[in-house]
> 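Before we start, here is the structure in question, set down as structure tokens.
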2 protein chains.
Amino acid sequence: MSVTDQPRRRDAAATREAILRAAIEAFTRAGYDGAGVREVAAAAGVTAMLVNRYFGSKEQLFAEAVDRSFAAPTVVGADPAALPAQLAAALVARTDPASEPLNPYLLMLRSAGNPRAAEIMREAIGRHVGRRLTGLLTGPDAGERAELVLSVIAGVWLMRDVLATPALTGADPGRLKEHLSGVIQALSRPSPDPA
Amino acid sequence: MSVTDQPRRRDAAATREAILRAAIEAFTRAGYDGAGVREVAAAAGVTAMLVNRYFGSKEQLFAEAVDRSFAAPTVVGADPAALPAQLAAALVARTDPASEPLNPYLLMLRSAGNPRAAEIMREAIGRHVGRRLTGLLTGPDAGERAELVLSVIAGVWLMRDVLATPALTGADPGRLKEHLSGVIQALSRPSPDPA
DNA sequence: AAGATAGGTCTACAGTCGTAGACATACCTG
DNA sequence: CAGGTATGTCTACGACTGTAGACCTATCTT
């Protein structure tokens with residue numbers, strides 16, 4: 001790691017934390033299948049076996065990495081009326097290709113191909129993100145509208161960062177924010193007007 | 001494959017087609033990393049080497065599978081005014097877990113983790129889907145709004161089929177269609193009203 | 001019927017993967 | 001200072017991956 005890689009002081013908690021951080025980084029960048037245990041171990045400055053010794057298996061390591069990554073509150077909005085604009089602004093800002101590369105949505109999108117990883121993430125969503133977002137919405141079908149908002153967020157992250165589609169990466173942020181604000185607004189109302 | 005697996009009559013075109021079909025199925029079900037060349041070959045009733053002999057490499061096979069999968073027009077809408085409702089209805093119907101398991105969005109979502117696969121799919125989107133959807137929208141920023149619609153579609157497919165989130169899989173189809181129709185409607189207008 | 005060629009298979013290699021058991025060493029306690 | 005234990009490493013295995021070259025054989029042509 002550092003230039004003078006003196007063997008880190010023996011501290012189980014700190015080492016475990018270093019491995020978990022490295023795992024989040026690796027899984028977010030390369031996905032569940034693309035990240036190897038040896039790679040995670042090397043980034044944490046330890047051996048591959050120590051990873052399994054602390055976390056049991058790659059699958060359990062992934063589960064804990066997902067849980068940690070999803071636990072961090074991505075967007076906090078207090079006023080329900082201002083939520084669409086705030087959410088849209090945050091989404092546009094954070095999906096900027098030059099933005100910070102560590103976030104739960106990238107981890108999710110790049111690991112969705114593996115069935116076991118998908119299960120783990122579904123449970124984590126129900127445990128963290130879904131519940132948090134549902135609380136911000138009002139109405140009887142808040143749960144499903146919250147997951148629709150989640151779908152939109154994930155979809156934008158997919159196209160803009162993972163696939164890096166030209167029209168979205170090069171779009172004007174202000175106009176993009178307007179569009180997305182309208183989309184989220186449409187999902188904020190309990191039931192669409194059957195005019 | 002069949003019970004009496006008599007060695008298929010030697011026909012280069014037919015064999016190539018069988019391999020390509022098997023590849024689309026495998027890549028859609030397991031993603032780029034999850035599907036192996038031997039698995040594809042076995043499903044087509046041939047040897048792994050023949051796959052590479054016809055397609056050069058796994059990567060080129062994937063590129064051709066993506067191109068074929070994306071070329072099939074998923075939703076055809078003629079009337080721009082009715083487009084949101086039609087698109088929403090088709091999306092809700094086709095993302096039903098009991099629906100047909102072969103479609104470009106699943107292929108895309110489950111392969112997005114691999115960087116090379118992501119590049120290939122980005123090009124294929126620009127070549128097929130993006131252009132097709134852009135033609136259905138009007139206004140100066142039709143391109144970026146088309147990709148936002150694509151983002152919504154992909155996001156719903158991700159949550160409803162790949163992750164199989166409970167609130168979306170169990171949601172009432174009619175109400176879901178209403179919500180999504182409103183979302184797409186918001187993206188159909190050239191520029192949101194700065195009221 | 002005999003040869004030519006397109007169509008397919010066999011064997012194998014070099015690499016990576018996740019993981020298990022035995023072994024070594026740094027640190028704390030007496 | 002001596003011992004014990006927590007902490008970390010080494011070696012290795014079996015399975016799987018994509019792919020290359022040599023080889024076989026069914027089919028068509030003459």
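Throughout, a chain's letter reflects where its sequence line sits, starting with A, and its residues are numbered from 1.
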> One pair to check against salt bridge (charged side-chain N to carboxylate O under 4.0 Å, His left out): B:Arg175 and B:Glu178. What are the steps and the verdict?
CA-CA 5 Å; B:Arg175 201 169 49 200; B:Glu178 291 301 321; over 6 Å; no
> Just checking, B:Lys58 and B:Phe27: is the charged tip under 6.0 Å from the six-membered ring centre and within 45° of the axis?
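That pair does not qualify as a cation-pi contact.
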> Looking at A:Asp141 and A:Glu144, would you say the former's side chain and the latter's main chain have a donor-acceptor pair under 3.5 Å?
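No; zero donor-acceptor contacts below 3.5 Å.
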> About how many Å separate CE of A:Met121 and CZ of A:Arg127, when rounded to the nearest 0.5 Å?
12.5 Å
> For a quick test of reading the model: is some side-chain N or O of A:Thr15 closer than 4.0 Å to OP1 or OP2 of D:dG8?
yes
> When the nearest nucleotide of DNA chain C is assigned to B:Ala13 and to A:Val37 on a heavy-atom basis, which residue is associated with the more 5' position?
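Its nearest nucleotide being more 5', the pick is B:Ala13.
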> Using a 4.0 Å heavy-atom cut-off, write out nucleotides 24-30 of chain C from 5' to 3' as B (base contacted by protein), S (sugar-phosphate only) or - (no contact).
-BBSS--
> Can you measure B:Phe27 atom CZ to D:dG18 atom P for me and round it to whole angstrom units?
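Result: 8 Å.
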> Nearest 0.5 Å, please: how far is CZ in A:Phe70 from CD1 in A:Ile120?
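If I round to the nearest 0.5 Å, the distance is 11.0 Å.
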> Contact between B:Ser151 and A:Leu168 at the side-chain level, heavy atoms closer than 4.5 Å - yes or no?
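They are in contact (side-chain heavy atoms under 4.5 Å apart), so the answer is yes.
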> Classify the nucleic acid contact of B:Tyr54 as base, sugar-phosphate or nothing, counting any heavy atom under 4.0 Å across all strands shown.
sugar-phosphate
> Are the side chain of B:Thr28 and the backbone N or O of B:Ile24 linked by a donor-acceptor pair below 3.5 Å?
yes
> In this structure, how many angstroms lie between the C1' atom of D:dT17 and the OH atom of B:Tyr32, rounded?
11 Å
> So what is the 5' to 3' dot-bracket string for DNA chain D, if pairs are Watson-Crick or G-U wobble with both distances under 3.5 Å, crossing pairs use [ ] and | means the partner sits on another strand?
||||||||||||||||||||||||||||||
> Could you measure the distance from the CG atom of A:Leu148 to the CG atom of A:Leu137? Nearest 0.5 Å is fine.
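One gets 10.0 Å once the value is rounded to the nearest 0.5 Å.
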> Between B:Asp11 (CG) and D:dT27 (P), how many Å, whole number?
11 Å
> Which is true for B:Ala35 with a 4.0 Å heavy-atom rule: it touches a base, it touches only sugar-phosphate, or it touches nothing?
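The residue B:Ala35 makes sugar-phosphate contact but no base contact.
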> To the nearest Å, how far apart are B:Phe62 CZ and D:dG18 P?
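Value for this atom pair: 13 Å.
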> Which nucleotide sits closest to the side chain of A:Val46: D:dT19, D:dT9, C:dT19?
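Selected nucleotide: D:dT9.
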> For A:Lys58 and C:dT19, give me the distance from atom NZ to atom P, rounded to whole Å.
8 Å
> Starting from C1' on C:dG8, measure out to CG on B:Asn52 and report it in whole angstrom.
14 Å
> Between the protein and nucleotides 11-14 of chain C, list every N/O to N/O distance that falls short of 3.5 Å.
residue: C:dA12; atom: N6; partner: B:Arg38; partner atom: NH2; Å: 3.4

> CG of B:Asn114 versus P of D:dT17: gap in Å, rounded?
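For the pair B:Asn114 CG and D:dT17 P, the rounded distance is 15 Å.
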> Show me the side-chain donor-acceptor pairs of residues 47-55 of chain A shorter than 3.5 Å, one per line, residues at least two apart or across chains.
none

> Can you list the residues that meet the side-chain hydrogen bond (donor to acceptor under 3.5 Å, both in side chains) rule with A:Arg38, with sequence neighbours excluded?
none
> Which residues pass the salt bridge (Lys or Arg N to Asp or Glu O under 4.0 Å) test with B:Glu17, not counting sequence neighbours?
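B:Glu17 satisfies salt bridge (Lys or Arg N to Asp or Glu O under 4.0 Å) with B:Arg21, B:Arg68 only.
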> Testing B:Leu158, B:Val129, B:Leu180, B:Leu87 one by one against B:Ile153 for a side chain to side chain contact (heavy atoms under 4.5 Å, CB included), which residue passes?
B:Leu87
> Atom CZ of B:Arg53 to atom C1' of D:dA20: distance rounded to whole Å?
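Rounded to whole Å, this separation is 10 Å.
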